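First comes the structure, then the notes that go with it.
All of these numbers come straight from a predicted model, not from anything done at the bench.
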Amino acid sequence: MRIKLLVTIIVSFVISGCGEKIADKLLPQPPLLGADISTFKAPAINKTGGLPVEATAQTRHFADPAGVINLQQALALALLENPDLKSFSWQVRADQAAQLQASLNPNPELSLLVEEFAGAGPMRRFEGAQTTLSVSQLIETGGKRQKRLRVATLVKEIAGWDYQAMRLAVFTDVTRAYTDVLSAQQTVELNSELLRLSEELVHTVSGRVKAGKDPPLDEAKAQIVLSNIKILHRQALNDLDFARSRLASLWAGQPKFKKAAGTLSMPDSIPFFDKITGYLDDNPEVARWA
């Protein structure tokens, strides 16, 4: 009977440790820039214990693109596969778990005390032992649990703003890296054309030298110019390879694409200053202080 009563008391303490219902809002409103593009979000926390299957599956949403890639594809890949952005998303989930833990009462403590055992005669072994089983529960006062939950909630909200700021940073990095690829592609095209013209010039000058129309010094000068252009062309190719690798690294992939679509040109008009400053409130680094 005493054991049943003790179990009932323990269960009641455990139930009293259940937390109050907390808000389930995970992330703040994303900025308008790229809001229509899907972004990686860590799987929801299973409050009954254990991780969901998708939390442990290290699978990629997309394969590395081949052929021609555009800016929209590059942004979609990076926002889903960028390792830094994923780590910020998991941090939000970790802080959400801490918020859930903060909403709970302290766990009850169960202790067992055994005295008067291992003696002699009738007190040998455990025949005369006295056993005391006790349960204790810390009762928090002064609204400590509510304050602890408030702090954990704010920490989770800050992590959400950090996530949105990182998302915007990835969006910006991809745009810059894609622009670098376009610039490197144009430089390679220009150097390739310049290399072709230089080779034709060397061929023409060589023919004129053989015909006795030009001195041999002109052919030597043309060869020097051709050698310099070849060096510039190789450097441009290396710069293009680096730019392509940099872009692919933003989605933790390999630069299997052959070309980035698009050209660089001057904009038709520049936005007014007032219009640009109007977007500041949309920036997570600013909006978080509201």
Side-chain angles (χ1 to χ4, degrees), residues 1-30 39-58 84-120 122-167 284-290:
M1 184 65 182
R2 292 181 179 178
I3 295 178
K4 290 183 179 180
L5 179 60
L6 179 61
V7 171
T8 303
I9 295 175
I10 293 174
V11 170
S12 65
F13 275 123
V14 172
I15 293 177
S16 67
C18 295
E20 57 194 63
K21 183 177 179 59
I22 58 178
D24 198 28
K25 182 181 178 182
L26 187 62
L27 295 173
Q29 185 69 23
T39 308
F40 174 83
K41 293 180 181 179
I45 295 174
N46 186 353
K47 296 182 180 180
T48 61
L51 289 174
V53 176
E54 59 268 27
T56 56
Q58 300 296 325
D84 293 332
L85 186 59
K86 285 185 176 182
S87 67
F88 274 78
S89 181
W90 281 111
Q91 182 61 49
V92 173
R93 289 300 186 188
D95 290 333
Q96 184 189 24
Q99 180 194 29
L100 178 62
Q101 181 64 35
S103 68
L104 303 177
N105 282 324
N107 291 327
E109 297 183 0
L110 178 67
S111 61
L112 179 65
L113 177 62
V114 180
E115 300 177 297
E116 302 295 338
F117 66 94
M123 303 294 291
R124 68 183 185 280
R125 294 194 296 271
F126 287 88
E127 278 75 357
Q130 297 183 7
T131 304
T132 304
L133 182 64
S134 61
V135 179
S136 62
Q137 171 69 51
L138 175 65
I139 299 177
E140 295 179 307
T141 59
K144 291 182 179 179
R145 186 173 66 164
Q146 288 74 19
K147 294 176 182 178
R148 183 174 66 247
L149 177 59
R150 175 61 175 163
V151 171
T153 301
L154 292 176
V155 170
K156 188 200 72 173
E157 291 178 359
I158 291 175
W161 284 115
D162 289 340
Y163 170 83
Q164 295 295 7
M166 186 63 195
R167 181 186 182 278
E285 293 289 354
V286 177
R288 68 186 298 169
W289 296 103

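Rounded to the nearest 0.5 angstrom, Glu157 CD and Asp95 CG are separated by 11.0 Å. For the atom pair CD of Gln99 and CZ of Arg150, the computed distance is 10.5 Å after rounding to the nearest 0.5 Å. Interatomic distance, CD1 of Ile158 versus OG1 of Thr153, reported as 11.0 Å (0.5 Å rounding). Atoms CZ and CD, from Arg148 and Gln146 in turn, are 8.5 Å apart once rounded to the nearest 0.5 Å. Phe88 CZ to Gln164 CD: the interatomic distance, rounded to the nearest 0.5 Å, is 12.0 Å. Here the CG-OG distance, from Asp84 to Ser89, works out to 12.5 Å after rounding to the nearest 0.5 Å.
Residues Lys147 and Lys144 form no side-chain contact, since every pair of their non-hydrogen atoms from C-beta on lies 4.5 Å or further apart. Taking the side chain as every heavy atom from C-beta outward, Val92 and Asp162 never approach each other to under 4.5 Å.
Glu285 and Arg288 make their closest contact through O-CG, 3.5 Å (heavy atoms, listed as atom of the first residue, atom of the second, distance). In this structure, Pro106 and Leu138 approach most closely via the heavy-atom pair CG-CD2, 4.0 Å. Residues Leu149 and Ala102 approach most closely at CA-CB, 4.1 Å, considering heavy atoms.
Remark: the backbone N or O of Leu104 is not paired with any side-chain donor or acceptor of Arg145 at under 3.5 angstrom.
Counting non-hydrogen atoms of neighbouring residues, nucleotides and ligands closer than 6.0 angstrom, the CG atom of Leu112 exceeds 12 such neighbours.
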